[in-house]
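Numbers restart at 1 for each chain; the letters A, B, ... are given by sequence-line order, proteins then strands.
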There are 4 protein chains.
Amino acid sequence: MPTNNLFNDILRSQSGKRTVKQQRIVETAVQLFAEKGYSNTSTAEIAKAAEVSEASIFKQYGTKDNLLLNLIIPYIKDFFPLMANDLVLQATNNGDPTFEGFLRFLIRNRVQFITDNREIFQVLIKEIIYKEELKKELFPYFVEIVAPRVTKYLESFKERGELVDLPVDRILKMLFTFLGGFFASRFVLWNMESISDEEVEDAIRFIMNGLYQSTSDR
Amino acid sequence: MPTNNLFNDILRSQSGKRTVKQQRIVETAVQLFAEKGYSNTSTAEIAKAAEVSEASIFKQYGTKDNLLLNLIIPYIKDFFPLMANDLVLQATNNGDPTFEGFLRFLIRNRVQFITDNREIFQVLIKEIIYKEELKKELFPYFVEIVAPRVTKYLESFKERGELVDLPVDRILKMLFTFLGGFFASRFVLWNMESISDEEVEDAIRFIMNGLYQSTSDR
Amino acid sequence: MPTNNLFNDILRSQSGKRTVKQQRIVETAVQLFAEKGYSNTSTAEIAKAAEVSEASIFKQYGTKDNLLLNLIIPYIKDFFPLMANDLVLQATNNGDPTFEGFLRFLIRNRVQFITDNREIFQVLIKEIIYKEELKKELFPYFVEIVAPRVTKYLESFKERGELVDLPVDRILKMLFTFLGGFFASRFVLWNMESISDEEVEDAIRFIMNGLYQSTSDR
Amino acid sequence: MPTNNLFNDILRSQSGKRTVKQQRIVETAVQLFAEKGYSNTSTAEIAKAAEVSEASIFKQYGTKDNLLLNLIIPYIKDFFPLMANDLVLQATNNGDPTFEGFLRFLIRNRVQFITDNREIFQVLIKEIIYKEELKKELFPYFVEIVAPRVTKYLESFKERGELVDLPVDRILKMLFTFLGGFFASRFVLWNMESISDEEVEDAIRFIMNGLYQSTSDR
DNA sequence: GATGAATGAGTTTTCATTCAT
DNA sequence: CATGAATGAAAACTCATTCAT
């Protein structure tokens, strides 16, 4: 029974391998990295909070850097594929095949996902800025898995005349620029627990129609 | 002859006070903080790169933290007021009093400003996530100086029926969520030197009309 | 087989806990603090002399200040109780129940004790002047443990008419003022290894009869 | 009109040489050294509190160590000679030529002197423990100037049968051991502003008759 | 698998001191 | 005479990492 929380899933899937102590290391590290940032969290702190020895951390992960990657990469590796899968799922049995329906599903789905994995999301956003390694992990996933699938969607909407007359890659850029700002500001900068339905609707409207009210609409 | 580069301006305005070495400290610190982040830059590194002694840094700034704040806070203190001033300027003698004209001016103006002060902007964005102090410095400036002025604009556009029927504060939120994502992704995440006119126009169109092509428009 | 040397005793009692290196840290620190004073001894010096890394010192004690307190406080915590115990011991099975006998026992007992723990005593005296913390540790021990017991003695002597007609608390003050000066000058200021029997006898005579030879005594 | 406060006297006697700023340096240094100890007071602190530049301190005194010596040595150089002079003065025109009279004069005289120069006395006591230089300055003054004069007195009292039958040097030792403890504990350890008459009388009585009440006295 | 002990190489910060002006 | 600017050296303290048990 997989939940939407990767963390639990990873822990469960590896429960045969990971001991209680090892689980505590991971949980604590994510929590502290999310709260104070990777650079400002010492392995000693993690060890103390997790009630394990520092040596145990290094036995498991070798280096502190590796610990970070081991927290984030599985998250990345699931964030986008899951998203892609969910999109497919939505495509096949969604009652609302419009662009708006797509947007609503996409945003709600991701809001839920990030809400369920907020701390890791915070770590990811905070560290992606600094670590080239992370960018290099993240980028291909986006380009190869997410972009094509979303592009396919966008193209289908475009064919139906539902989208503005702009190359799809530039539409995609605008869409993800906004969504990136939307999620990062709420979940990371303002440390919100989730995003209200109202704001989701505002976002959908904004993405769809922008802020301008054309004269002909009046 | 004030330029758009705060950094030079600050340096010039204080040129009677700051010595060559002190200028080198500031320049170098901004550069390194922008490149590697505050936590990952040691004062020893700064001192070496600036060709001064570490003692000189601490004599001037007391603590490393204070050095950071002394770099960023003057920037914040000018970023928003200048923006506000420029907006007023635009209001008074702009040939294009439409919402689109306003947007174009706002975005181009800020793109130019950030392009001129890119490194400090990077430091600001990277550190605002971590330092409550910075949030506390930044937030009031936004709320008291920028928000009211932009709100005034938005309201005037709204009265003229140019804006969607949504409370102005929510319009403002969407607008700045997008612009935040737009600037942060380009200038910080992707470390771009500037933003092309084409993308600025895409952004304007996106903000105005969104991505959806209503059936009646076809 | 407990000796009179707290140091060895502490080390022994914790020999299950302290490693050889940790013992060397304590020994070396006491020695250097006694010789040059706390402020004039760097942790680097201690580390080098003890042939351990500075990191080991800080891992154990956290701060240099804490190291000092960890050396002295156990000493204080034993200095006075032991003294009190010895006094009781003396009371129960002493062949000389006079005031002079009491004095002789008290002084000899403390001379021996300090001789056995000279360096710590030096550290204590040198630092008590500066550290309020130490005063706050030392004072209650004196007031609660030593003073009452000595007072009890003095009162019993006074009842027997052996003491001058002065409130006991003022007698106590004079007694300890002298003893303080006696021990501090010899063991700290002049850095003597011990105090000769002759001087002990001089002190006893001084405390008992002062320097004046009343006419009636001639 | 010389007062009993060396400090003022030194300042006045050198007022032709010392500027206001230089006076402030000395005053401030004494005050801070007395309060926190020489090692725990930085030249920067002194400069700031005295409202002069650090450079001025070093221009005057060369080194921090030299500053200390320049504060204390004049004090030492006056403490004992003045004491000796006052003793002679007392000898020539004192209405009370007894040992007790001598003691009362000596103690009151010194209490007054130290009260008037409390901070320097604190510095002296706190630093004499650490600095061999100071011991080497202090010791000869004591041996050559004070000891002979007091010894002379003591011998005269002894000849008159007023003192215990003990070599004068050992009497001297006991006397100064007590006085050292008396002054150091009150003025330095407990940081008292002065000593009450009552305690002075207790001290006189203690020095003269000790604490014992011989049976024959009852 | 887990950890207590130990550390080399830093980190931020302090400090007494110098010197040109 | 006075000081602003600058610093080499060292201070206290931190940190990721290793290793024997």
Side-chain angles (χ1 to χ4, degrees), chain A residues 17-22 24-25 38-47 50-67, chain B residues 17-22 24-25 39-47 50-67, chain C residues 17-22 24-25 39-47 50-67, chain D residues 17-22 25 38-47 51-67:
Chain A
K17 302 169 204 164
R18 295 206 195 197
T19 65
V20 179
K21 301 214 169 194
Q22 285 165 358
R24 277 214 305 271
I25 293 172
Y38 172 78
S39 288
N40 307 312
T41 305
S42 71
T43 52
E45 244 174 313
I46 298 168
E51 292 176 300
V52 301
S53 69
E54 275 191 88
S56 292
I57 297 175
F58 285 94
K59 178 130 281 179
Q60 272 286 309
Y61 296 98
T63 66
K64 188 190 168 191
D65 229 79
N66 195 246
L67 168 60
Chain B
K17 300 169 202 166
R18 294 206 198 196
T19 66
V20 180
K21 297 211 173 192
Q22 284 165 358
R24 279 214 304 269
I25 292 171
S39 289
N40 307 314
T41 306
S42 73
T43 52
E45 246 175 310
I46 298 169
E51 290 177 299
V52 299
S53 67
E54 277 191 85
S56 292
I57 298 175
F58 283 95
K59 182 129 270 185
Q60 267 239 306
Y61 296 99
T63 64
K64 188 188 167 192
D65 226 78
N66 194 246
L67 168 61
Chain C
K17 299 167 203 166
R18 295 205 197 198
T19 66
V20 180
K21 298 211 172 191
Q22 285 166 356
R24 280 212 304 268
I25 292 172
S39 288
N40 307 312
T41 305
S42 73
T43 51
E45 245 176 310
I46 297 168
E51 290 176 302
V52 300
S53 68
E54 275 191 85
S56 292
I57 298 177
F58 284 96
K59 181 129 269 183
Q60 266 239 306
Y61 296 100
T63 64
K64 189 188 167 193
D65 227 79
N66 195 246
L67 168 61
Chain D
K17 300 169 205 165
R18 295 207 196 196
T19 66
V20 180
K21 300 214 169 191
Q22 285 165 0
I25 293 171
Y38 172 79
S39 289
N40 306 314
T41 306
S42 71
T43 52
E45 244 176 314
I46 297 168
E51 292 176 300
V52 300
S53 68
E54 277 191 84
S56 293
I57 297 176
F58 284 94
K59 178 129 278 174
Q60 272 286 310
Y61 297 100
T63 65
K64 188 191 169 191
D65 229 79
N66 194 246
L67 169 60

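Two residues, C:Ala55 and B:Val52, neighbour DNA chain F, and the one matched to the more 5' nucleotide by heavy-atom proximity is B:Val52. Heavy-atom distances to DNA chain E give each of B:Ala44 and C:Ser53 a nearest nucleotide, and the one nearer the 5′ end belongs to C:Ser53. Summary of the strand contacts: C:Phe58 and B:Glu54 both lie near DNA chain F, and taking for each the nucleotide with the nearest heavy atom, the more 5' one is attributed to B:Glu54.
The distance from the CD atom of B:Glu45 to the CD atom of B:Glu54 is 10.5 Å, given to the nearest 0.5 Å. In this structure, the separation between OG on B:Ser56 and CD on B:Gln22 is 8.0 Å, given to the nearest 0.5 Å. The OG1 atom of B:Thr63 sits 11.5 Å away from atom CD1 of B:Ile57, with the distance rounded to the nearest 0.5 Å.
Within 4.0 Å of C:Ser42, counting heavy atoms only, lie sugar-phosphate atoms of the nucleic acid but no base atom. Using a 4.0 Å heavy-atom distance criterion, B:Ser39 is classed as making no nucleic acid contact.
Considering only side-chain N and O atoms, B:Ser56 lies nowhere under 4.0 angstrom from the phosphate OP1 or OP2 of F:dA6. B:Lys21 has a side-chain polar atom (N or O) that falls below the 4.0 Å cut-off from OP1 or OP2 of F:dT7. Distances shown here put a side-chain N or O of D:Thr43 below 4.0 Å from the OP1 or OP2 atom of E:dA16. Distances shown here put every side-chain N or O of B:Thr19 at or beyond 4.0 Å from the OP1 or OP2 atom of F:dA5. Regarding contacts with the backbone of F:dA12, a side-chain N or O of C:Lys64 is found under 4.0 angstrom from either OP1 or OP2.
Atom CD1 in D:Ile25 sits roughly 10 Å away from atom C1' in F:dA2 (whole-Å rounding). When rounded to the nearest whole Å, the span between CD of A:Glu45 and C1' of F:dT14 equals 11 Å. Across the protein-nucleic acid pair, A:Gln22 atom CD and E:dG1 atom C1' stand 8 Å apart, rounded to whole Å. Distance CG (D:Asn40) to P (F:dA11): 14 Å, rounded to an integer number of Å. For the pair A:Glu51 CD and E:dG4 P, the interatomic distance rounds to 12 Å; values are reported in whole Å. Look at CG on D:Asp65: it is 13 Å from C1' on E:dT17, rounded to the nearest Å. One atom, CD1 of B:Ile57, and another, P of E:dT12, lie 10 Å apart when rounded to the nearest Å. Taking atom CD of B:Gln60 as the reference point, atom P of E:dT12 lies 17 Å away to the nearest angstrom.
The nucleotide E:dT21 finds its pairing partner in F:dA2, both defining distances of the Watson-Crick or G-U wobble pair being shorter than 3.5 Å.
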query: Under the side-chain contact (heavy atoms from CB on, under 4.5 Å) criterion, do C:Thr43 and C:Leu67 qualify, and how do the steps go?
result: CA-CA 10 Å; C:Thr43 51; C:Leu67 168 61; 5.6 Å; no
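Listed here is the closest heavy atom pair of A:Tyr38 and A:Lys64: O-NZ, 2.9 Å.
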